[in-house]
Protein chains: 2
Amino acid sequence: MTTYQLQGLTALADPTRRAIFELVADRPRPVGELAKELPVSRPAVSQHLKVLKEVGLVTDRAQGNRRVYAANPDGLAELRAYLDHFWDQALASFRDIVEQTPEDQP
Amino acid sequence: MTTYQLQGLTALADPTRRAIFELVADRPRPVGELAKELPVSRPAVSQHLKVLKEVGLVTDRAQGNRRVYAANPDGLAELRAYLDHFWDQALASFRDIVEQTPEDQP
DNA sequence: GCTTACGGTAAGTGACTACTTACCAATTAC
DNA sequence: GTAATTGGTAAGTAGTCACTTACCGTAAGC
């Protein structure tokens, strides 16, 4: 778990890529529609979608002339599992901190 | 929610920073101990800790000569909330995709 | 007092990456 | 058939960022 790649986190770190993911999570959309709602060019959107697809955060399917992208719950599940794991650890170590006040040491 | 900064995601995107966070989530540690377990220099660790602290993922407290860093559950909670929100949306839109098979269009 | 340990900061550098324009392939419409 | 729409890819570039070494402040030990 520690040596995990967690490429999904890296993918969602970019604001534009996160915006794209949020748009397709709202509802599946073709590339052109995504580019219209974003301040970047259409090739940029294509490149971002390629990254999101590689890490399993989106899926695509041909629909006539267009290619419709949708959010993939599987990719999100991996990130949720990662955060949930450290949630428990963080809570435990944080509790240790609180119980051990700074005046404790001699 | 969409215009959120989500700096925590950006912070955890870097592998070294993620490793640091995982170490302090396991148990609170001083800077030197973190540097010993990582393939980067101590100043690099300090810089990463500064970022993690700014986005609220870790807290620090002076302990004698050392400075002990611990994971902060509040920062993690924000990320969890973000992913959970899009989890529902992704599930819904993904269900639409599945129900509407590619052979549907005329 | 002086020395040692610990850690934050400054400055500089190399690598990565998000973006652009240009080009090409494939499907639809006529 | 040709023209138009859609979108993926190539090549090049500018900005960001993770890292290093060097330096300085502060607390503990003698």
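Quantities reported herein were computed from a predicted structural model and do not represent experimental measurements. By convention in this document, chain letters (A, B, ...) are assigned in the order of the sequence lines, proteins followed by strands, and residues within each chain are numbered from 1.
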**Under the side chain to side chain donor-acceptor pair (under 3.5 Å) test, residues paired with Arg29(B) that sit two or more places apart** =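 So Arg29(B) forms a side chain to side chain donor-acceptor pair (under 3.5 Å) with Asp26(B), Glu33(B), Glu37(B).
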
**Counterpart residues, salt bridge (Lys or Arg N to Asp or Glu O under 4.0 Å), relative to Arg17(A) (two or more places apart)** =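 With sequence neighbours excluded, Arg17(A) shows a salt bridge (Lys or Arg N to Asp or Glu O under 4.0 Å) to no residue whatsoever.
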
Expressed as a whole number of angstroms, how long is the span from [X]:[atom1] to [N]:[atom2]?
X	N	atom1	atom2	value
Arg29(A)	dT6(D)	CZ	P	16 Å
Leu38(A)	dG7(D)	CG	P	14 Å
Gln7(B)	dC17(D)	CD	P	11 Å

**Message:** For Ser41(A), give me all partners under side-chain contact (heavy atoms from CB on, under 4.5 Å), at least two apart in sequence or on another chain.
**Reply:**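 Per chain and number, Ser41(A) pairs via side-chain contact (heavy atoms from CB on, under 4.5 Å) with Pro43(A), Ala44(A).
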
**Request:** Apply side-chain contact (heavy atoms from CB on, under 4.5 Å) to Val55(A) and list each qualifying residue two or more places apart in sequence or on a separate chain.
**Result:**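 Val55(A) satisfies side-chain contact (heavy atoms from CB on, under 4.5 Å) with Gln7(A), Ala11(A), Leu57(A) once adjacent residues are dropped.
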
**Prompt:** Using a cut-off of 4.0 Å between protein heavy atoms and nucleotide atoms, how would you tag nucleotides 6-20 of chain C 5' to 3' with B, S and -?
**Reply:** SBBBBB------SBB

**Request:** Please list all pairs passing the salt bridge (Lys or Arg N to Asp or Glu O under 4.0 Å) test where one or both residues lie in residues 44-54 of chain A, with sequence neighbours left out.
**Result:**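 Checked against salt bridge (Lys or Arg N to Asp or Glu O under 4.0 Å) - neighbours excluded - the pairs reaching residues 44-54 of chain A are Lys53(A)-Asp60(A).
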
